[in-house]
There are 2 protein chains.
Amino acid sequence: MAGLRERKKQRTRDALVRAANELFVSRGYERTTVDDIAAVADVSQRTFFRYFAGKEEVAFAIDVMIQERYVESLKARPPHERPITALRNAVEDSWNSIGEAVARIVPLDLHMRMWHLIETTPALTAVQMRNAMDMEHRLALIIAEREGLDVRADPRPQVLVASFSATMRTAMQSWGQGQDLTVQGAREGARGYLEALSPALFDAWRPAAEEAPPRQRCVRRWT
Amino acid sequence: MAGLRERKKQRTRDALVRAANELFVSRGYERTTVDDIAAVADVSQRTFFRYFAGKEEVAFAIDVMIQERYVESLKARPPHERPITALRNAVEDSWNSIGEAVARIVPLDLHMRMWHLIETTPALTAVQMRNAMDMEHRLALIIAEREGLDVRADPRPQVLVASFSATMRTAMQSWGQGQDLTVQGAREGARGYLEALSPALFDAWRPAAEEAPPRQRCVRRWT
DNA sequence: GGTGTTGTGTCAGCCCGTGCCAGTTTGGTG
DNA sequence: CACCAAACTGGCACGGGCTGACACAACACC
């Protein structure tokens, strides 16, 4: 148990996150001012900016936590799994523990609505995309490590992670547009999209004979 | 030839874009104020905001134009090409005509440096990612149309486009980090990454026998 | 040339974000 | 317990992004 100072800081931080999430969800991101958030959390505006670099950052506090957990899950996957399998299984793993971790800071359904707000607020989707990109770099490094590759010389880890991440994002997006806002629904949606990933790139939509197959000698180049 | 009013507007707009690009590149995005841009283009700050919704928008004026051209290229691809082939060929097509189109507004090397600035400025990369996402939706619609699919019911167009786009982005990124900032270099880099795309998802990195193959019965679900 | 439309400049004002300084709380020490 | 140094906080001023309102100038059309 850390000192009083540390605990106090954690409490104000959580209060700010909770206040921000509630205000954002109830009256929208743009229509919420930093002063509002600070007032609800009972601190000054100046203090808010000592905890978060900007208004955007507080909106992604939960997401960042979730991302950290995912990275840990991936690192913990056994090394004999193939890259894409590890990526997929890490999703399943982290989804099991995320719920309660989130609930310790904000109610779960509040976070769901917050996630939906991010998807529908341009200024926030932009930041979300950049965060996703940063994470892709980290994941590519982990995959490259697992496989003993140099991420600078071999594009495959980066490409694989980027495609995987893009697919997950797409799944989450269409899930958010539907009505079923349960975690279970997201999980099943993601499974379906991931299953569509390889065939979509195999291009097994029509009989392959319609077009001459492209030469794929690239495998030799990196082996 | 449009009226004087129309031409004048076009000229101020181009002047603003050019001024902004030059200032951004020379002293950085954050250290350039809107007043600076307006001053160089010889208009008031208020007028700037009548042409562009924000400081970010003027930074992507050229990119938006390029994106429009790419969409046109894709629409013009013959319908017998398979989706991924059409996407790839549209890249080749548009790269042939983009250079001169850009040069009519800003010098080409200035745009190259601007592109590099976007990659290295967090606030701009975020917007770039969102733009890319918006475009993915448009491309998925086009692909779905070509194939006679419903983009809401079948995730494959969205997944394919997302993976393709992510791969292109990755290629552009590693190209920007290198020294060869010629269009030819970008073209060849993109080819290599695209060739890596399918094998990376096939997972042909190690002998497949190490792990039981995942069931892929999904193809049946959408045929 | 007169008239309505459209574009522009000026001004005031809100909000985000930062540097600065003074006041308060906490943790450690004699 | 008293004291001090470190860390945290609040208040203030200010620069910069962005918007609404209004008056004025430039264009288009008759």
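Convention: sequence-line order gives letters A, B, ...; per-chain numbering from 1.
Taking 4.0 angstrom as the limit, B:K9 places a side-chain polar atom (N or O) nearer than this to OP1 or OP2 of C:dG7.
Here ring-ring contact (aromatic ring centres under 6.0 Å, His included) pairs that include residues 100-159 of chain A, with residues two or more places apart or in two chains, are A:W115-A:W175. For residues 51-78 of chain B, every residue pair satisfying the salt bridge (charged side-chain N to carboxylate O under 4.0 Å, His left out) rule, not counting sequence neighbours, is listed here: B:E68-B:R138, B:R77-B:E81, B:R77-B:D93. The ring-ring contact (aromatic ring centres under 6.0 Å, His included) pairs that include a residue from residues 53-76 of chain B number zero, where partners must be two or more places apart or lie in different chains. Listed by first then second residue, pairs satisfying salt bridge (charged side-chain N to carboxylate O under 4.0 Å, His left out) with a partner in residues 40-53 of chain A number zero, not counting sequence neighbours.
Taking atom CD of residue A:Q45 and atom P of nucleotide C:dT18, one finds them 10 Å apart after rounding to whole Å. Note: CG (A:D36) to P (C:dC14) measures 14 Å, nearest angstrom.
Taking only side-chain atoms of A:F49, from C-beta outward, the nucleotide of C:dG17, C:dT8, D:dG17 with the closest atom is C:dG17. When distances are taken from the side chain of A:T33 to each of C:dC15, C:dT18, D:dG17, the shortest belongs to C:dC15.
Contacts with DNA chain C (heavy atom under 4.0 Å) in residues 37-44 of chain B: B:V43, B:S44, listed by number. In the region residues 18-31 of chain A, proximity to DNA chain C at under 4.0 angstrom, judged on heavy atoms, holds for none of the residues.
Partners of A:E92 according to the side-chain hydrogen bond (donor to acceptor under 3.5 Å, both in side chains) rule, which considers only residues two or more places apart in sequence or in another chain, are A:R191. Remark: A:Y29 engages A:F24 in a ring-ring contact (aromatic ring centres under 6.0 Å, His included) (not counting sequence neighbours). Every ring-ring contact (aromatic ring centres under 6.0 Å, His included) that B:F48 has, sequence neighbours left out, goes to B:F52. Scanning for side-chain hydrogen bond (donor to acceptor under 3.5 Å, both in side chains) contacts around B:R11 gives an empty result, with sequence neighbours left out. The side-chain contact (heavy atoms from CB on, under 4.5 Å) search around B:D36 returns B:L23, B:R27, B:T32, B:T33, not counting sequence neighbours.
Contact between B:A59 and B:M114 at its shortest, heavy atoms only, is CB-CE, 3.7 Å.
When heavy atoms are screened at a 4.0 angstrom cut-off, A:Y51 is found touching the sugar-phosphate backbone but no base atom.
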Item to complete: Would you give a per-nucleotide map of nucleotides 20-30 of chain C, 5' to 3', where B means the base has a protein non-hydrogen atom under 4.0 Å away, S means only the sugar-phosphate does, and - means neither?
Response: B----BBS---

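Under 3.5 Å, the side chains of B:Y193 and B:T170 contain no donor-acceptor pair of N or O atoms.
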